[in-house]
Number of protein chains: 2
Amino acid sequence: MLFAERGYEAASLRAITAAAGANLASINYHFGSKEALLRAVMARRLVPLNLRRLEMLGRFEAEYDPAPVPVENILRALLEPISSAARSQEGSWQRFRLLVGRMYSEPTPRILAVFWGELSEIAGRFQAAIRRACPHLPENEFYWRVHFTVGAMAHTLSAGTLLEMLSRGKCDPSDLAEGVERLIAFAAAGFRAPATEAPGGAGGRPAESGRTGPQGADS
Amino acid sequence: MLFAERGYEAASLRAITAAAGANLASINYHFGSKEALLRAVMARRLVPLNLRRLEMLGRFEAEYDPAPVPVENILRALLEPISSAARSQEGSWQRFRLLVGRMYSEPTPRILAVFWGELSEIAGRFQAAIRRACPHLPENEFYWRVHFTVGAMAHTLSAGTLLEMLSRGKCDPSDLAEGVERLIAFAAAGFRAPATEAPGGAGGRPAESGRTGPQGADS
DNA sequence: GTCTATAGAACGATAGAC
DNA sequence: GTCTATCGTTCTATAGAC
């Protein structure tokens, strides 16, 4: 899938049809447009993935009911189906996850909306579950931490090259199972951290120490 | 800057020159190519930013010497110069940070290399500092956590629309100062979390509970 | 040095033959 | 229904007038 390898913008319909052995007109005939093709690709993969996520979360909630599910297990329900899919369908998911990871920072609003359409239900469902596990956080800070976790997840899906460069080969970004296990531990600790003071209010510094005051002038 | 608003691929030289009131040929005359223009844009912003980061880290290291700098302060040296710049140069940095955040998951290797060229020195320097603050982590897991932090940072820089949708307006993604403060607390807790067991080894589950075994078949 | 004009190729989409 | 051929547009890059 060239959307994944090159990004949506850089993947031309010509290159896509050539790689698939099809002809240029077939995409517009079967899907209607380049954007509709993307929508179809996303739905084909994400719908079954999201079903497995919801099912897994549901099982956890039944198990712990009426107590909140620990945040580790909520994250596991969110992330494990991805690494399972990547394990069982090596080539195809190893490419698709690049695309998914990149969609989170998609600049074009129309394209981002395609992605959000497949994501919003899952987002609401998992967000509510994590909220129950983290009653110690003000609503505002809770959302930020969800945001950070999503960012770490997206980055893990699509920025493997950077991990290889950063770790000088010590980490294998294609091993999603390892990444997911690490991420669960990392993000769960992040969610459990005590709330910071309101940043509008005086000096909510979590660590002591040095003043900073740089003011920019590089433009 | 249209690179930021539309992404590198979607921003055409025509649109860029039109928005700047310049003519189409001027970019190739002054910079040589579209890629060289990106390189120039990145360098102009990131070089002074990275100087401020290194200076801030250096001050922390002098302050704590010979003890390791707490991870909160290392993160602060990495992140605070960004939010300072965004605060003092509202429009221009609010756009540029979109571009930077997106560069982390840039699909085109040549373009990613442009970014990494401006980043590698900072990466090595800050990674070494955090390593000293986190001696409890195996090397492998340490790199993964750096990776997650970078992902959360990139996401915070460029995925503001998602935060707005996720929080239904409760968070303001343009308030980088708040995001940075939250992120420091979140990531520092993530770094401090105890190491997980090797995921190759048996069942390093941080929480008890239910088996999972989904195996994919959605292709 | 800075512009207009345009080359040469690739783009998404479609009309119309079969 | 699936193809070829091509439309009209846009792309990056450059040649050459001023």
Side-chain angles (χ1 to χ4, degrees), chain A residues 1-46 95-96 98-100 102-118 158 219, chain B residues 1-46 92 95-96 98-100 102-103 105-118 158 219:
Chain A
M1 165 62 56
L2 292 189
F3 280 160
E5 292 170 11
R6 309 186 185 181
Y8 176 77
E9 286 287 345
S12 69
L13 295 183
R14 294 179 137 78
I16 292 170
T17 50
N23 78 83
L24 180 55
S26 57
I27 286 182
N28 277 290
Y29 178 75
H30 287 292
F31 298 98
S33 71
K34 187 184 184 182
E35 183 184 318
L37 170 63
L38 176 67
R39 199 186 313 274
V41 167
M42 299 291 297
R44 185 168 65 106
R45 303 272 186 177
L46 290 186
R95 284 193 301 275
F96 182 65
L98 297 177
L99 175 60
V100 171
R102 244 177 256 127
M103 290 293 281
Y104 287 94
S105 55
E106 177 59 45
T108 312
R110 290 181 59 84
I111 305 301
L112 184 60
V114 168
F115 186 50
W116 182 245
E118 297 292 342
S158 63
S219 174
Chain B
M1 163 65 55
L2 292 189
F3 280 159
E5 292 169 13
R6 309 187 185 181
Y8 176 77
E9 285 289 343
S12 69
L13 295 183
R14 293 176 134 80
I16 292 171
T17 50
N23 77 86
L24 180 56
S26 57
I27 286 182
N28 277 292
Y29 178 75
H30 286 295
F31 299 99
S33 72
K34 186 183 185 183
E35 183 184 318
L37 170 64
L38 176 67
R39 200 185 312 273
V41 168
M42 299 292 296
R44 186 169 65 106
R45 303 271 187 179
L46 290 185
S92 100
R95 285 192 302 276
F96 182 67
L98 299 176
L99 175 60
V100 171
R102 241 176 258 126
M103 290 292 282
S105 54
E106 175 59 47
T108 313
R110 289 183 59 85
I111 305 303
L112 183 60
V114 168
F115 186 51
W116 181 246
E118 296 291 343
S158 63
S219 172

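In what follows, chains are A, B, ... by sequence order, proteins preceding strands, each numbered from 1.
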- prompt: Can you list, by residue number, the residues of residues 11-21 of chain A that have a non-hydrogen atom closer than 4.0 angstrom to DNA chain C?
  reply: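 Residues of residues 11-21 of chain A under 4.0 Å from DNA chain C: Ala11(A), Ser12(A), Leu13(A), Arg14(A).
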
message: Using whole Å, what does the distance between atom P of nucleotide dT12(D) and atom CG of Leu38(B) come to?
response: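 Result: 13 Å.
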
task: Let me know the distance between OH of Tyr8(B) and P of dC11(D), rounded to the nearest Å.
output: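 Tyr8(B) atom OH is separated from dC11(D) atom P by 14 Å.
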
For residues [X] and [Y], report the shortest heavy-atom separation together with the two atoms involved.
| X | Y | value |
| --- | --- | --- |
| Thr17(A) | Asn23(A) | CG2-O, 3.3 Å |
| Ala40(A) | Phe31(A) | CB-CE2, 3.5 Å |
| Leu2(A) | Ile16(A) | CD1-N, 3.7 Å |

- request: Check every nucleotide of DNA chain C for an atom under 4.0 Å from a heavy-atom of chain A, then give the first and the last such nucleotide from 5' to 3'.
  value: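 Footprint of chain A along DNA chain C, 5' to 3': dC11(C) to dT14(C).
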
- prompt: Does a salt bridge link Glu35(B) with Arg39(B), judged by any charged N lying under 4.0 Å from a carboxylate O?
  reply: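 The answer is yes: the pair qualifies as a salt bridge.
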
message: Does the Lys NZ or Arg CZ of Lys34(B) fall within the cation-pi geometry relative to Tyr8(B) - under 6.0 Å from the ring centre and within 45° of the axis?
response: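 Cation-pi check for Lys34(B) and Tyr8(B): passes.
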
- prompt: Where do Met103(B) and Leu38(B) land on the side-chain contact (heavy atoms from CB on, under 4.5 Å) test, with the steps shown first?
  reply: CA-CA 11 Å; Met103(B) 290 292 282; Leu38(B) 176 67; 3.9 Å; yes

Check: Arg102(A) side chain, Ser105(B) main-chain N or O, donor-acceptor pair, under 3.5 Å: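 Yes.
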
message: Test your reading of the model: is there a side-chain donor-acceptor pair from Arg95(B) to the backbone of Glu5(B), 3.5 Å cut-off?
response: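 Side chain of Arg95(B) to backbone of Glu5(B): no pair is present.
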
task: Just call it for Leu24(A): base, sugar-phosphate, or nothing, with non-hydrogen atoms closer than 4.0 Å on any strand.
output: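 Leu24(A): base contact, heavy atoms under 4.0 Å.
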
query: With sugar-phosphate meaning primed atoms plus P, OP1 and OP2, does Ser26(A) contact a base, only sugar-phosphate, or nothing at under 4.0 Å between heavy atoms?
result: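 The answer is nothing, as Ser26(A) stays clear of every strand by at least 4.0 Å.
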
task: On DNA chain C, check which nucleotide each of Ala10(A) and Gly32(A) is closest to and give me the residue with the more 5' one.
output: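 On the 5' side of the pair lies Ala10(A).
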
field: Toward the 5' end of DNA chain D, by each residue's nearest nucleotide, Lys34(B) or Ala22(A)
entry: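 Nearer the 5' end of the strand: Ala22(A).
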
